[in-house]
Structure formats: structure tokens, C-alpha cells
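Below is one structure, written out as C-alpha cells, with a few remarks after it.
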Amino acid sequence: MPRRALITGITGQDGSYLAEHLLDLGYQVYGLVRREPESMQWLRRIAHRIEFTYGDLRDSVSLETAFRKAWPDEVYNLAAQVFIPTSWEFPADTFDVNAGGLSRLLQIAAREKPDTRVYQASSSEMYGNSGGPCNETTPFCPASPYGASKLAAHHLCRIYRGRGLYAVGGILFNHESPRRGPEMVTRKITRAAAAWAKGDRTKLRLGNLQARRDWGFAGDYVRAIHLMMQQEKPADYVIGTGDSHSVADFVEQVLQVLRQMTGDSDFSGPIERFVEVDARLVRANEIYDLRADARLAREEIGWKPTVDFKGLVEMMVKADISALREAASAA
Ligand code: NAP
């Protein structure tokens with residue numbers, strides 16, 4: 001019998017990569033969706049192999065229906081209100097989805113099928129400005145309603161684990177891909193780069209160019225998510241590359257890729273020729289540097305990343321250039 005997995009957030013970046021990975025491993029995959037088909041763009045290739053069920057993390061009845069339909073061995077709770085500025089505008093809703101949603105799932109799993117394993121998408125945003133490389137013992141100090149909601153959910157995992165449920169929180173540092181949400185800074189930059197490659201010189205407005213993040217490739221990170229759920233005993237793991245780069249570094253790397261692709265020396269610094277700082281986009285309670293110490297994951301679950309910073313930027317720029325070309329030829 002194939003193992004059965006229920007994925008919330010299956011239409012998103014991580015959900016779509018995880019669904020591909022689990023199907024490759026022979027799983028029967030169930031996905032919770034809020035609507036279709038626009039939100040399913042990353043699932044087109046595999047949609048016929050997935051059982052979809054409608055639901056929302058705020059709605060217990062829909063979650064119970066999805067759970068009973070999937071009767072899962074493993075639940076991957078990837079759905080969330082993910083955008084930090086939105087969490088400042090709608091903190092209560094963010095908590096309802098990000099912490100309330102997990103609490104509903106944990107309650108259903110504990111009541112209906114307590115041998116179900118539950119994965120929670122925890123986040124490096126729980127560390128705030130703790131400073132230095134962060135590992136599983138670094139104190140949490142979230143700096144936004146998003147980070148606080150993720151920390152509440154992370155603690156819920158630990159509490160249910162204490163009551164015998166297999167529940168793990170994967171503390172993932174930033175991970176990107178061509179499927180990253182367009183509102184996120186890396187994707188904003190690579191989408192702008194596609195326009196620059198076409199000759200458009202509109203400057204991109206960004207917030208703090210000096211903020212540093214540990215950026216990895218989402219396709220690598222979903223392997224870690226799955227591995228964490230296969231351990232004999234449930235435990236939380238930090239996942240990241242161990243290197244951090246600033247937003248300015250990201251823009252510089254993008255220009256280098258454009259220079260290599262087009263041979264056009266116009267794609268050279270200073271980056272202010274292509275981007276400008278908009279004070280309105282500088283985050284309240286900015287986190288200055290987030291960097292992972294993922295040694296435990298390397299040692300215990302045997303995970304390491306395969307795509308480095310340069311490879312990631314190149315992959316994203318090339319994908320956005322292709323997407324823009326396809327959109328132009330379809331118009
Ligand atoms: P994403 O691409 O924005 O996907 C978010 C998913 O959540 C979408 O499928 C969305 O569905 C779904 N969703 C949102 N609100 C929902 C609700 N009320 N009920 C049901 N589904 C809902 O995010 P991602 O980058 O893949 O991230 C996956 C998870 O990892 C999130 O929990 C995020 O907080 C966490 N995380 C991400 C990172 C990162 O760097 N990417 C780092 C640490 C943790 P629709 O398509 O219907 O909108």
C-alpha cells in the first residue's frame with residue numbers, strides 16, 4: 001500500500017515541489033486547495049495524479065473532511081499567510097491561519113488517527129534579531145506578527161509531541177525558486193530583471209538593501225521536509241545553507257547573470273542604476289541578518305543543499321525571462 005500524504009498549501013512554492021517529490025517516492029498525494037484553476041499553475045504537470053479537496057485552514061469542518069478523505073499517514077502543513085507586511089495589517093487573521101490552522105489539524109489528527117505524522121512549516125522569522133548563525137537551541141525572538149504566529153504554531157507542535165503525537169517543526173530559512181510568490185523580494189528582483197533584459201530600464205523600488213538572508217533552493221528544502229518525517233523519533237531541525245547575502249548582493253548577482261546571458265556591459269554596477277530605495281518599503285522591525293546553522297540536519301537526517309546562491313539566482317532569472325517571452329508570444 002502506498003503511503004498517504006495530505007499537503008496543505010499544495011498550490012504554493014513548497015507545496016508543489018513537495019507534491020512532485022512525494023509522487024516520485026510513490027506516495028498517494030492529497031492536496032487541500034481553496035480554489036482552482038488559477039492557483040494551480042505549478043501543479044499542471046502532476047494535477048492528474050493528485051486528489052484535491054477543498055478547504056481553508058480557518059475552517060475546521062473542511063479540514064476534518066479533507067483528513068477523513070485522505071486518511072493520511074503524513075500531514076504536511078505548508079499553508080499559511082506568508083507575507084510579513086500583511087501580517088502587520090492583519091495580525092489576528094495571520095494568527096488564525098498560521099497558528100489556529102495548525103491547532104485545528106493537530107486536534108483532528110490526535111482525535112481521528114493519532115499515528116498520523118504532522119509536519120509544521122516553521123520559519124527562521126521566529127528568531128528575529130537573535131544574531132549569528134541560528135540552530136535548534138538558539139532562543140526565539142520574533143519581530144513580526146508573522147514570526148510570532150509561526151512561533152505559536154511551533155510550540156503547539158512541541159506540546160502535542162509531548163502528548164505522544166509525531167509532530168515536527170522544520171525551521172526553514174528563506175528558500176526561493178522560480179515558483180516563489182511575486183510579492184517576495186527575490187522574485188520581485190528576478191521579474192524586474194526579465195524586463196531589464198528586454199530593454200526596459202524602469203527602476204525597481206525596494207526596501208532595505210542591506211538586509212541579509214540565507215537563501216537556498218526550495219527544491220532542496222522539500223527533501224529535508226520529507227526526511228524529517230521519516231526519523232524514528234520526531235524532532236525539530238534547522239534547514240539553511242549557512243551563508244547569508246544582502247539584497248544588494250542579490251541584485252548584483254542578477255546583473256552578473258544578465259551580463260553573461262546577453263553579453264551587454266550595460267548590466268554593470270552601481271546597482272542604483274537599476275534599483276532605488278523606497279522608504280515606505282523598509283520593514284517595521286527589520287531583521288538584519290538571518291543565517292542557519294544546519295549541522296544537526298546534516299548529521300541526523302543526512303541533508304545538504306545542492307544549489308548555491310549563484311545557481312539559485314541564475315535559475316530564477318532564466319525562468320522569469322522565459323516566462324516573459326512566453327507571455328509576450330501568447331499575447
Ligand atoms: P506560498 O508559495 O505563498 O504558498 C502558501 C500556500 O498557502 C498557498 O498554497 C496558499 O493557497 C495557501 N494558503 C494561504 N492561506 C490559506 C488558508 N487560509 N487556507 C488554506 N490554504 C491557504 O508559500 P511557500 O513559500 O511555499 O511557503 C510554504 C510554507 O513554508 C509557509 O507556511 C511559509 O510560512 C513557510 N516558510 C516558507 C519559507 C520560504 O522562504 N519560502 C521559509 C520558512 C517557512 P492559495 O494558492 O489558495 O493562495
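Counting convention: from 1, in listed order, for ligands and their atoms alike.
Among all protein heavy atoms, the one lying closest to atom 36 (N) of ligand 1 is Y146 OH, 3.9 Å. For atom 4 (O) of ligand 1, the nearest protein heavy atom (residue, atom name, distance) is G12 CA, 3.4 Å. Counting protein heavy atoms only, atom 30 (O) of ligand 1 is closest to A121 CB, 3.4 Å. Scanning all protein heavy atoms for the shortest distance to atom 43 (C) of ligand 1 gives L172 O, 3.1 Å. The nearest heavy-atom contact from the protein to atom 18 (N) of ligand 1 is D56 OD1, 3.0 Å. For atom 6 (C) of ligand 1, the nearest protein heavy atom (residue, atom name, distance) is G9 CA, 3.7 Å. In terms of protein heavy-atom proximity, atom 48 (O) of ligand 1 is nearest to R34 NH2, 2.8 Å. Among all non-hydrogen protein atoms, the one lying nearest atom 42 (C) of ligand 1 is H175 CE1, 3.3 Å.
In this structure, V97 counts as a contact residue of ligand 1, since one of its heavy atoms falls inside 4.0 Å of the ligand.
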### Message
Let's go through S62 and D56 carefully: what are the C-alpha distance in whole Å and the side-chain angles of both, what is the deciding distance for side-chain hydrogen bond (donor to acceptor under 3.5 Å, both in side chains) to 0.1 Å, and is it a yes or a no?
### Response
CA-CA 7 Å; S62 69; D56 191 297; over 6 Å; no
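For the pair D320 (side chain) and A194 (backbone), a donor-acceptor distance under 3.5 Å is absent.
Of all the listed residues (N174, N77, L78, T11), T11 holds the heavy atom that lies closest to atom 45 (P) of ligand 1.
Of the N or O atoms in Q13, one or more lie within a sub-3.5 Å distance of an N or O in ligand 1. The shortest N/O to N/O separation between S123 and ligand 1 does not fall below 3.5 Å.
Ionic pairing of D236 and R158 is present here: one or more N-O contacts between side-chain nitrogen and carboxylate oxygen are shorter than 4.0 angstrom. Ionic pairing of E125 and R283 is present here: one or more N-O contacts between side-chain nitrogen and carboxylate oxygen are shorter than 4.0 angstrom. Using a 4.0 Å cut-off between charged side-chain N and carboxylate O, E51 and R4 make no salt bridge. A salt bridge links D266 with R201; the closest basic N to acidic carboxylate O contact falls under 4.0 Å. Comment: E176 does not engage R187 in a salt bridge, judged by the lack of any side-chain N to carboxylate O separation of less than 4.0 angstrom.
Each of the following atoms of ligand 1 lies closer than 4.0 Å to a heavy atom of L57: 17 (C), 18 (N), 19 (N), 20 (C). Near K150, meaning under 4.0 Å from one of its heavy atoms, ligand 1 places the atoms 31 (C), 32 (O), 33 (C), 34 (O). Close contacts of ligand 1 with S122, meaning ligand atoms under 4.0 Å from a residue heavy atom, involve 43 (C), 44 (C). Heavy-atom contacts of V82 reach the following atoms of ligand 1: 3 (O), 23 (O), 31 (C), 33 (C), 34 (O) (cutoff under 4.0 Å). Near R180, the atoms of ligand 1 lying under 4.0 angstrom from a non-hydrogen atom of the residue are 25 (O), 39 (C), 40 (O), 41 (N).
The residue from T241, D220, D14 that alone fulfils the side-chain hydrogen bond (donor to acceptor under 3.5 Å, both in side chains) condition with H175 is D14.
Taking the centre and axis of the six-membered ring of Y166, the NZ or CZ atom of R117 falls inside the cone set by 45° and 6.0 Å. Remark: R179 is positioned above the aromatic ring of Y17, its terminal NZ or CZ atom under 6.0 angstrom from the ring centre and at most 45 degrees off the axis.
Between F250 and F309, the angle of the ring planes goes over 60°, which puts this pair in the perpendicular group of the 30/60° scheme.
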